[in-house]
There are 2 protein chains.
Amino acid sequence: MSGKPARAKATEGASVSPVDDRSVAARLFAILDAFTSPPATALSLTAIARRSGIPLSTAHRLVAEWVTWGGLARQEDGRYSLGMRLWEVGVQTPTARNLRTIALPYLEDLYETTREHVHLAILDGRDALYLEKLSGHRAVRVISRVGGRLPLHATGVGLVLLAHAPTMVIQDYLAEPLQRFLPQTMTAPEELRRRLAGIRSQGIVRMSEEMTAGSSSLAAPIRDRTGQVVAAVSIVTHTSPGQGPEHEQAVRVAAQGVSRALGYRRAS
Amino acid sequence: MSGKPARAKATEGASVSPVDDRSVAARLFAILDAFTSPPATALSLTAIARRSGIPLSTAHRLVAEWVTWGGLARQEDGRYSLGMRLWEVGVQTPTARNLRTIALPYLEDLYETTREHVHLAILDGRDALYLEKLSGHRAVRVISRVGGRLPLHATGVGLVLLAHAPTMVIQDYLAEPLQRFLPQTMTAPEELRRRLAGIRSQGIVRMSEEMTAGSSSLAAPIRDRTGQVVAAVSIVTHTSPGQGPEHEQAVRVAAQGVSRALGYRRAS
């Protein structure tokens, strides 16, 4: 669950013989990657070829393969988008499906109690990967989305996941320069290290205006049967100084509910 | 959105030269298909090779390609499961993401009002494909799941989607023998044809114990800007004769809310 999978790079593909399996697989994956980094809803064949670094004629042939299987769909304007077959396979991924299925009733409760955005995220590489997001009509505008990624040091779920990551992961994360999104984003390694220790001892993080102006977040860890932190739950609210501790309680209760459903029993 | 994508079959793969792009792509897809029909959470390399009809040595090489990209993950017991990278790409599929994002607040409202399972489904081939499912702790047991498929004639969302499908689609669907899941499952083409006409005129379907014993369903169509039915919303409840029309009203309101959000304006 931790550790981002190595992504196939096909930019050097032009120099590889096209009869090599490895090159065909890497190129097929590079075509999908063209839609995800940065995210694109629809791309022309030329754009796919450019983004994936594949010669146009090869891209043409491989895109047709994806279309036949249903992984890409050709739109009326001739451009291509990710196809429903990928969605159908993707939602069967056991980690995403099991965790989401188990967590959903507790996320529902949290949403009903607070009426704020509710997030469920896991650690993936240097990012918090958002598995679920529940939102009402009137919740504050946020940039998170299901399947989206946000940096660990600037989000509530991210800080919780980083705080409970293996020491080496924390060390590596803090060793690289961290982006400052807003004046209040914490980027100094030593300051962050103290904050992570505080999160571990308090079991919750409260942060305000570190990623998006006007919004605050409360996040807590979800543990599995072995006590390991496997996910984080959060609510994101309008920043408001008058907010009492009742929201904090609701986030803790939701995180504990999911943890219990995963088999976690707190040592008494 | 309608029309199931043709799925690559690689069962005859052994006779195709392995240096052919087409064969490599078809085999890569056949490996994923091994996990979905029937659904499997984890498979050994041998099981993957058998299910996909690919020689073991080829399967070994291509599974390694999927693992490198993150589309498959190797478990501690040596078996393989679908990987998070597939989930991440899959949830970016525009149809699934846009419809789900737009519909979710209305589905939330419907869940809060009724406290029953809430479903969002689209037509895909001969199935209702479930895009979303919200469930409370105490809702009735059902067999639907996100990304799952159920037959059109035996589910509430399925009947709504079939009722508003093109005439040719209805004709083809009714031309094949339909499975009877329970004594009350309607399978006679003429009877179903009358029922579909009724659904079109009433704008809602109520069904009871046609797929799962003890459960009933209420479903209504979701229309886009052009007036075309693009999805269906339903609630699934315990079968209970005392149930009043208030649930029916709630389902209609939710379907209308999503339709309006998609740009639909009813002709007055």
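Keep in mind the model is a prediction, meaning the values are calculated, not measured. Within every chain, numbering begins at 1; the chains are lettered A, B, ... in the order of the sequence lines, protein sequences first and strands thereafter.
Between atom CE of residue B/M84 and atom CG of residue A/L129 there is a gap of 5.0 Å, rounded to the nearest 0.5 Å. Taking OH of A/Y111 as the reference point, atom CD of B/E108 lies at 5.0 Å (rounded to 0.5 Å). Annotation: the span from B/W87 atom CH2 to A/R100 atom CZ amounts to 9.0 Å, rounded to 0.5 Å. B/L104 contributes atom CG, which lies 9.5 Å from atom NZ of A/K133 (distance to the nearest 0.5 angstrom). Here the CD atom belonging to A/Q92 is positioned 6.0 Å from the OG1 atom belonging to B/T36, to the nearest 0.5 angstrom. Separating the OG1 atom in A/T95 from the CG atom in B/L82 is a distance of 10.0 Å, to the nearest 0.5 Å.
In this structure, the portions of A/L131 lying under 4.5 Å from any heavy atom of chain B include both its backbone and its side chain. Residue contact with chain A, scored on non-hydrogen atoms closer than 4.5 Å, is absent for B/Q75.
Heavy-atom minimum distance, A/G147 versus B/V91: CA-CG2, 3.4 Å.
The only option from A/D124, A/T93, A/D33 that meets the side-chain hydrogen bond (donor to acceptor under 3.5 Å, both in side chains) definition with B/R85 turns out to be A/D33.
Relative ring orientation between A/W69 and B/F29 is described as parallel, the plane-to-plane angle staying below 30° on a 0-90° scale split at 30° and 60°.
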